[in-house]
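Notes follow the structure.
When reading the values below, keep in mind they use all heavy atoms of this one structure, side chains included, and skip hydrogens, waters and symmetry mates. Residue numbering restarts at 1 for every chain, and letters A, B, ... go by the order of the sequence lines.
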There are 2 protein chains.
Amino acid sequence: MFTLSVGDVAAASGVASSAVRFYEQHGVITAVRTAGDQRRFDEGAACRIRVAKVAQRVGLTVREIAEIFAGLPDDPQPADWGQVADTLIAEAESRTAALKSYLNDMQSAGRLCEIDL
Amino acid sequence: MFTLSVGDVAAASGVASSAVRFYEQHGVITAVRTAGDQRRFDEGAACRIRVAKVAQRVGLTVREIAEIFAGLPDDPQPADWGQVADTLIAEAESRTAALKSYLNDMQSAGRLCEIDL
DNA sequence: GCTTGACTTAAACATATGTTGAACGCTCAG
DNA sequence: CTGAGCGTTCAACATATGTTTAAGTCAAGC
């Protein structure tokens, strides 16, 4: 059911209306249009935006997030969301692992940044 | 010893010369100047840039990275770098934990994004 | 000491992620 | 049915993260 206006989703997700339009333009959320050309979102939109904001904090771009969400079917089931969650977490952990690995290598090489042998 | 030119650091760190200047402007690395006003970096500069690139991937901004590096003394010892590494990893893990927590709450609430009760 | 390749700055350009403003249209409560 | 409060688009602005270009300077080997 697509019943929520831009302002409704903005209020529900804690971002500005302009950001809601931005996320729609970039495929993070989708909308239908009223006869008068206004956007109408379903309940999932605010949730997707909140997920997107947290995902951005771990280094994912809006494009990457939209691509991950693009895997969701029209009427996602809990299992579908579980898969999205797993993908997001795997990506975050992979990046953190790369950071740890790099820092660890750096230190175990006994060749730290500023140590000029 | 500040002996490396912009090009040297660019080659050693795998970024463009313009990026090396950018990172210096933003405090990720520091330089001294020759009599002819050219930048000279120490060996640590390339390493800092490589760390910065990996840290950017986990969502840290250049400003945040520069602030973390700002805690380093003039001649950092391994322990100083260990502290920087710990700070970076803690930040990455904190953000990943926030992501996991949000996704987990979402699912355990039985109220997934698209499930419109 | 000259030449050539690398360096300098400044500004413009490019992309990502939004916000703001102007000018105008839709909707819904009274 | 009307008007106040939303919504619409488009363009300009703002910040972050760089790259490119132009015009000019430096440095290092021959």
Should the heavy atoms of other residues, nucleotides or ligands under 6.0 Å from CD of A:Glu64 be counted, would the total exceed 12? yes

Could you tell me whether the phosphate oxygens of D:dG7, OP1 or OP2, come under 4.0 Å of any side-chain nitrogen or oxygen in A:Ser5? yes

Pair B:Ser101-B:Asn104, side-chain donor/acceptor within less than 3.5 Å: no

By side-chain contact (heavy atoms from CB on, under 4.5 Å) - contacts of A:Thr3 (at least two apart): A:Met1

OP1 or OP2 of C:dA6 versus the side-chain N and O atoms of B:Arg40: is any pair under 4.0 Å? no

Specify the residues of residues 92-103 of chain A, ordered by number, for which at least one heavy atom lies under 4.0 angstrom from an atom of DNA chain C. none

For atom CG of B:Asp8 and atom C1' of C:dG5, their distance in whole Å: 13 Å

In residues 11-32 of chain B, what residues come within less than 4.0 Å of DNA chain C, judged by heavy atoms? B:Arg21

Which atoms form the tightest heavy-atom contact between A:Leu60 and A:Glu91, and what is the distance? CD2-CG, 3.4 Å

Sorted by number, residues from residues 51-66 of chain A placing a heavy atom under 4.0 Å from DNA chain C are A:Lys53, A:Gln56, A:Thr61, A:Val62

Kindly confirm or rule out a cation-pi arrangement of A:Arg48 over A:Tyr23, judged by NZ or CZ under 6.0 Å from the six-membered ring centre and within 45° of its axis? no

Check whether any side-chain nitrogen or oxygen of A:Arg39 sits under 4.0 Å from OP1 or OP2 of D:dT9, and answer yes or no. yes

Side-chain N,O (A:Thr34) to OP1/OP2 (D:dG7) below 4.0 Å: no

Check B:Met106 against A:Cys47 and note the closest heavy-atom contact, atom names and distance. SD-SG, 3.5 Å

Sequence neighbours excluded, the answer for side-chain contact (heavy atoms from CB on, under 4.5 Å) partners of B:Asp80 is B:Leu72, B:Pro73, B:Pro76, B:Gln77

What pair of heavy atoms forms the shortest contact from B:Thr30 to B:Phe41, and how long is it? O-CD2, 3.3 Å

As a check of understanding: the bend across the helix from C:dG1-D:dC30 to C:dG30-D:dC1, end axes from five pairs, rounded to 10 degrees, works out to 10°

Considering all heavy atoms, the nearest B:Arg39-B:Ala31 contact: CB-CB, 4.0 Å

Separation of atom CD in A:Gln38 from atom P in D:dG5, rounded to whole Å: 16 Å

CG on B:Asp105 to NZ on B:Lys100, rounded to 0.5 Å: 13.5 Å

Is it the case that the side chain of A:Asp8 and the backbone of A:Ser5 share a donor-acceptor pair, with hydrogens and angles ignored and the cut-off at 3.5 Å? yes

Write down the atom of A:Val28, the atom of A:Phe69, and the distance for their closest heavy-atom approach. O-CD1, 3.5 Å

Compare every heavy atom of B:Leu99 with every heavy atom of A:Val54, then report the nearest pair and how far apart it is. CG1-CA, 3.3 Å

